[in-house]
Each structure stands twice: as structure tokens, then as C-alpha cells.
Protein chains: 2
Amino acid sequence: MVTGPPVFAAIADPTRRAILDAIRGRERSAGEIASLFPVSRPAISKHLRVLRGAGLVRERRVARSRLYSLDPAPLREVERWLDHYRVFWAARLHDLKRVVERQERRPQPGRNP
Amino acid sequence: MVTGPPVFAAIADPTRRAILDAIRGRERSAGEIASLFPVSRPAISKHLRVLRGAGLVRERRVARSRLYSLDPAPLREVERWLDHYRVFWAARLHDLKRVVERQERRPQPGRNP
DNA sequence: GTATTATGTAACCATATGGTTACAGGACCA
DNA sequence: TGGTCCTGTAACCATATGGTTACATAATAC
């Protein structure tokens, strides 16, 4: 049984990572998400439940559809864990800083509220 | 079956993350690692095999012991994946930059060669 | 009301996973 | 050589996981 923050287990599966990639940027309905993958709709439904359990997606009911959008907050836990290791590839830390600075200059994408 | 980069599955288990935390900093023997956890030594041996499969640990035979040390390289794959999401908590990007700058100023820990 | 659409849930299945105990093998010591 | 130490592997077990098909439910359309 995998205990600890569920986000680590949630992103272990490649299909779930792909789902996150698919809704990063724009909200999508469950059916729309399912259409992107070669597995059945119920399988996707279960993946979405896991992602919801990890707090990685928000669900919004609209008419007959359920629209899913990204909630990146739990990923900061992964980020925090990686912090302890980032020092080990410190040779490229200045690259990271440059990335950060580039993104700071960029306008906020702003997920729809 | 979990395909894709094995590093994501490797770090999904909390015991394996704890093992990485334990050998981050200093090399440890298999038995020493096992002594840190409430599970049997063979269980740890299997976890170490998974970590080796993901390229996260290096093994060095010394006398009767096997010494394990961290190989952080595969974690950069996780880092790279997170890059696409970091923009979504951009409000705190300047914090990250500060962390980076703090670590750049710090002397290199240098894993023994 | 009834039909239709979109989605979650139940029941089930095969395989993966994480754990155990028992055993095998290589390296040091006498 | 024989014995002890350290560790990996084999065999096995219970449960988790990811998938399926069939059904239930909720909201719109008629």
C-alpha cells in the first residue's frame, strides 16, 4: 500500500501524466479526454478519480458534461522534494535561474476562475 | 503495466523515496539501509533493485558489503516534466529564484568520486 | 412524461507490487 | 578447509492496480 502524499503515486502512471498534460492549458470534458487515449472511457474515469484524490484536478459540472481543469498545487510537494536533490546537479543551477527569470517576464497565463 | 520513464514509478513508493533521502549525502551499505526501515532486508533489496532499474542508485562492491550511493540524473526527467507546470504557480517564481541564488552561493557538496 | 447524451459505478479479471521466509553465493577469517 | 558475515534470489502470498463490459444516474431534448 502506497502511503504518503498521493501525488507521487498519481503521477507514476504515464496515462495520468498525459491527462494532466492534456488539461494543462484548457479545460476538457471527461469524454474529450477519453477520446485522446486508446483505453475505454471508464478507465479514464478511474484515472480522473485518482487525480481528484491527489487534488490534481478540479471538476466543474456543466450541463451533462464534467469539465476537468488542472490544479497544480500538489505538484509543489514534488517540487519541494526535488529541492533536496537539485543541489546534486548544481552545475546547471544558473540555467534554472535563467528559466525562472524568463518566465517572470512572461505575462501570467491565468487559469479561468 | 507502467511504461514510460521508470523514475516516476520508482519515486512513487514512500519507502524508496526514504531510501534516496538516506543515501543522499553519504553512501550506505544495503544492511545499513535496511536497518533504517521496519521491513525485512529482502524487501529493501527489492526496492534497491527498482531504484537501480531507474538509474537512481549506483552500487559499489566493497569487501562483503555493497555500498549504495545516489545517482540524481534520472530526477532531471521529473524536473523537466515539472517545468511545464511550474508556470502555473508562477506567483511564487521569485521565491524559487531566491532559492536558486542561495544554493549557488553555497559550497558544492560533491559526492565522493 | 420518454428518449438521449455524458459520465460515474459495480463487478469482474489478469497482472503488478510489496511483503514475507528459506536458501544460495561470494568474501573474509580461523 | 571450514565457518561466519553480508547480501541477493526464489518461491510464495495478499493486496493494489489498470483494464474490461454492463448497468445506474443525472441533465437536456423532444
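Below, chains carry the letters A, B, ... as their sequence lines are ordered, and counting in each starts from 1.
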Let me know the distance between CZ of B:Arg60 and P of D:dC6, rounded to the nearest Å.
17 Å
Under the ring-ring contact (aromatic ring centres under 6.0 Å, His included) test, residues paired with B:Phe8 that sit two or more places apart:
B:Trp81
Would you say a side-chain N or O of B:Thr15 is under 4.0 Å from OP1 or OP2 of C:dG18?
no
Nearest whole angstrom, please: distance from the P of D:dG18 to the CG of A:Leu48.
13 Å
Has A:Tyr68 got a side-chain N or O lying under 4.0 Å from the OP1 or OP2 atom of C:dG8?
yes
Can you pull out the residues from residues 35-46 of chain A that lie within a 4.0 Å heavy-atom distance of DNA chain C?
A:Arg41, A:Pro42, A:Ser45
Listed nucleotide nearest any side-chain atom of B:Ala30, set D:dG8, D:dC6, C:dT7
D:dG8
If you group Ile, Leu, Val, Met, Phe, Trp and Tyr by side-chain heavy-atom gaps below 4.5 Å, do B:Leu67 and B:Val57 land in one group?
no
When you measure from the side-chain N and O atoms of A:Ser65 to the phosphate of C:dT7, is any distance below 4.0 Å, counting only OP1 and OP2?
yes
Compare all side-chain heavy atoms of A:Arg24 with those of B:Tyr85 and state whether any distance is below 4.5 angstrom.
yes
Mind calculating the distance between NE2 (A:His47) and C1' (D:dA16) to the nearest angstrom?
14 Å
Sub-4.5 Å side-chain heavy-atom contact between B:Pro14 and A:Thr3
yes
Just the rounded figure in Å: distance from C1' of C:dG8 to CG of A:Leu51.
15 Å
Least distance between heavy atoms, B:Ala54 atom then B:Pro74 atom
O-CG, 3.2 Å
Does some side-chain heavy atom of B:Arg17 sit less than 4.5 Å from a side-chain heavy atom of A:Pro5?
yes
Roughly how many Å is it from CD1 in B:Ile11 to P in C:dG18, rounded to a whole number?
13 Å
Measure all distances between protein nitrogen or oxygen atoms and nitrogen or oxygen atoms of nucleotides 25-30 of chain C, and list the pairs falling under 3.5 Å.
none

Are A:Leu36 and A:Val50 linked, directly or through intermediate hydrophobic residues, by side-chain heavy-atom contacts shorter than 4.5 Å (ILVMFWY only)?
no
Begin with the C-alpha distance, continue with both residues' side-chain angles, and end with the deciding distance and a verdict on side-chain contact (heavy atoms from CB on, under 4.5 Å) for A:Asp13 and A:His47.
CA-CA 9 Å; A:Asp13 185 90; A:His47 281 307; 3.6 Å; yes
Atom-to-atom span, CZ of A:Arg16 to P of D:dG19 - whole angstrom:
8 Å
May I have the distance from B:Ile33 (atom CD1) to D:dT7 (atom P), rounded to whole angstrom?
9 Å
I need the CG-P distance between B:Asp13 and C:dA16, as an integer number of Å.
17 Å
Would you say a side-chain N or O of A:Ser29 is under 4.0 Å from OP1 or OP2 of C:dA6?
no
Minimum heavy-atom distance B:Ala12-A:Ala9, with the two atoms named
CB-CA, 4.0 Å
